[in-house]
Amino acid sequence: MTKPSDFIESSDYASLANDDNGEVSVTFPGSQSIPPNTMKVFSTTINLGSLGSSMRWRICSNKDSNKWFVGAQLQYDRNGSIPGTAVTYSIIAVVTKTSPTAVTVLAIVLNPYSDTLITEAGDETFQLHANTFVPPFD
Amino acid sequence: MQQDFLINTDYPLDKVVFMISGSITVSTGGYQNISIPHNLGFIPLAKGNWTTMSDWSIVYEEHIGPLASPNSYSPFMYDFSVTSDNTNINIAITNYLSGAPVTIYYRVYCLEPSTSLSEVPATSSDGSDFLLSSDSNYTKLVSAGYYDFPDTIAGISSYSINHNLGIIPQVIYWIERSGACSQVTQSYYVSGITCQPTTNQVIMTSQGSLAGRVHWRVYADD
């Protein structure tokens, strides 16, 4: 046995290989009207990666100075309204594979209130940077 | 540029120290939790993948998966997560919304944390026929380490890692608390521990969060 981190490369251990990378964005338009207890979803899909590849990701929002965050989900609280009342709600950007060689990024707002939610003014655009990998099981 | 090299002796390759795969069936609306001994003697940095397809044609990461129908209370039909401790790899699967039993196929591989002083058995025979192939560009590790964040339930704390690569690098990170470690795949800007890579730094921020150790790996690949 050996201590793995002592070696730059070691034929004793499986490793990971880069496969593909790409960027895609999705926009959630401002001032959307969302019926009670429903969600509104906008999405974009790109061709990325090969059959069986796994992913790493980072996401940013134009409403947060396009600061990148590592992860497959990024959530913010925003200010909206139901009739007569200012309320907060969450907007979530999520990433998932939708086919062997396609990645979809979604922007989702769930209205948890029992009245129609009007979301914050101004479009919010999420940008995804994704890398795919040949995993060590291949 | 460092990422243009298939292999670069300036930076170590990732070395997988444990691998496991299998399948499990989860009932409608059900939950399954399985524990698999890893025998490593330390808490490894585990990364899980899963699928509902026996041929692994579509691979999902932790906490994401096939989309649920609109107006569901979760965007995904299932939840899959992996936690590692000093003894086991623990896999948890929830079948939220599919309306039927589902067979989940899983694969977990583990990397060695920077805190490990252990010797580890070989894993290369478990994987690809070729350890290194010039068809592939291998991930190149620039920096690996950890930081112990204090309790930030009522505050905020940040820690920066300088890499000066001039590119926004690939980063993966895990949170270890109370002897259990899991990869972070979700960022919520007002609570939890987030990771912001820039062209010269990686900024870890804890806000509204319990104390915890963050393990990170920064790569020369963008």
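- Close approach to chain A, defined as a heavy atom under 4.5 Å from one of its heavy atoms, is seen in B/K47, B/N49, B/W56, B/S57, B/I58, B/V59, B/Y60, B/E61 of residues 43-61 of chain B, taken by number.
- Heavy atoms of B/I193 lying under 4.5 Å from chain A are absent altogether.
- Within residues 100-109 of chain A, the residues that have a heavy atom under 4.5 Å from a heavy atom of chain B are A/P100, A/L106, A/I108, listed by number.
- Counting heavy atoms from C-beta outward, B/Q196 and A/F69 have side chains that approach closer than 4.5 Å.
- Here the NZ atom belonging to A/K67 is positioned 8.5 Å from the OG1 atom belonging to B/T194, to the nearest 0.5 angstrom.
- The heavy-atom pair separating A/R58 from B/P169 by the smallest distance is NH1-O, 3.7 Å.
- Interatomic distance, CD of A/Q73 versus CD of B/E62, reported as 12.0 Å (0.5 Å rounding).
- Both the backbone and the side chain of B/I168 come within contact range of chain A, with heavy atoms under 4.5 Å apart.
- For residues 20-32 of chain A, heavy-atom neighbours of chain B at less than 4.5 Å comprise no residues at all.
- Residues of residues 86-97 of chain A placed with any heavy atom under 4.5 Å of a heavy atom in chain B are listed by number as A/V94, A/V95, A/T96, A/K97.
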